Amino acid sequence: MKNSVVTFKEMKEKNEKITMLTAYDYSTAKLVDAAGINSILVGDSLGNVMLGYEDTVSVTMEDMIHHGAAVARGAKDALVIIDMPFMSYQTSTYDAVVNAGRLMKEGRAGAVKLEGGVEMADVIKGITRASIPVCAHIGLTPQSVNAFGGYKVQGKSLEAAKKLIEDAHAVEDAGAFAVVLECVPAALAEKITKELKIPTIGIGAGAGTDGQVLVYADMLAMFSDYKPKFVKQFANMSEQMINAFKAYDDEVKAGTYPAQEHTYAISDDILSKLY
Ligand code: KIV
């Protein structure tokens, strides 16, 4: 079944949980799609996971379009959401609409995601007016790491919790079709989820949200630079990949790979004429 922003709305109404995973390339997108995951996020976590940056600040529009288009080619049923990178929407609503349009036209996204609450309401309105669905992202917004002074749980004080609730309503009122809540106390995320008509997608926000998102390389234990508390490793692909790479190394060096079945034949007749 092809997932769209309407699917998200219907799933919230029916109280069905929405699943989302990141992917950054064609082959991974095909696997995530085949598993029946509702949505693939081409997150700007691409910067950390795929490009080896220490944060998402350096990720460019070109990076997002390049990887987004690859994911879109691999995703048959999942809704592909592409992140708007740092400084592609903060400068003006005009820039935001132009760049969101590029992610749709060149990246073949079904929706875009951007970080920020009240302060991004006008930008969200501008993009949605151009018929581009927007997923908002509040709580811990990694593009603001330099303003936050690190990656910290958000909404813990009374003032911060009230601001987060305000942000959630502001992005809904501005026209966002969903909102990611990152690193938010579970009870607060649940309260926001009950107050909003649009679905909430949690990451480090407990089980009371309408859906969950994880970085695929985190949940497969492929990314080992750090492991946030909220990550559950559903498989240990690092171990499996390293073992496979070692087996290849051993077999090539021992001369057992490639074997007969991996080689192409030529007739003896032709071969004899070469000497
Ligand atoms: O970039 C990303 O992968 C994200 C998720 C962590 C929500 O924004």
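For ligands, and for the atoms within them, numbers begin at 1 and follow the listed sequence. If you're wondering where the values come from, they're calculated on a predicted model, not measured in any experiment.
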List the steps and the verdict of salt bridge (charged side-chain N to carboxylate O under 4.0 Å, His left out) for K246 and D250.
CA-CA 6 Å; K246 277 187 182 154; D250 288 348; over 6 Å; no
Backbone of K197 reached by a side-chain donor or acceptor of E172 within 3.5 Å
yes
What residue and atom, counting heavy atoms only, is the protein's closest point to atom 6 (C) of ligand 1, and at what distance?
I203 CD1, 3.6 Å
If you link ILVMFWY side chains whenever their heavy atoms are less than 4.5 Å apart, which other residues fall into the same cluster as Y275? By chain and number, please.
I266, I270, L271, L274
Does Y89 have its ring centroid less than 6.0 Å away from the ring centroid of F86?
no
Can you confirm, on distance only, whether ligand 1 has an N/O atom lying under 3.5 Å from any N/O atom belonging to T22?
no
protein heavy-atom neighbour closest to atom 4 (C) of ligand 1 works out as L41 CD2, 3.6 Å
If you measure every N/O of K113 against every N/O of ligand 1, is any gap under 3.5 Å?
yes
Looking only at distance, does S45 have an N or O less than 3.5 Å from an N or O of ligand 1?
yes
Which atoms from ligand 1 have a heavy atom of D83 less than 4.0 Å away?
1 (O), 2 (C), 8 (O)
Could you tell me if the side chain of L46 sits less than 4.5 Å from the side chain of D63, heavy atoms only?
yes
What atoms of ligand 1 come closer than 4.0 angstrom to any heavy atom of G43?
1 (O), 2 (C), 3 (O)
Would you call E195 and K191 a salt bridge, using N to O less than 4.0 angstrom?
yes
D44 neighbourhood, listing ligand 1 atoms whose heavy-atom distance to it stays under 4.0 Å:
1 (O)
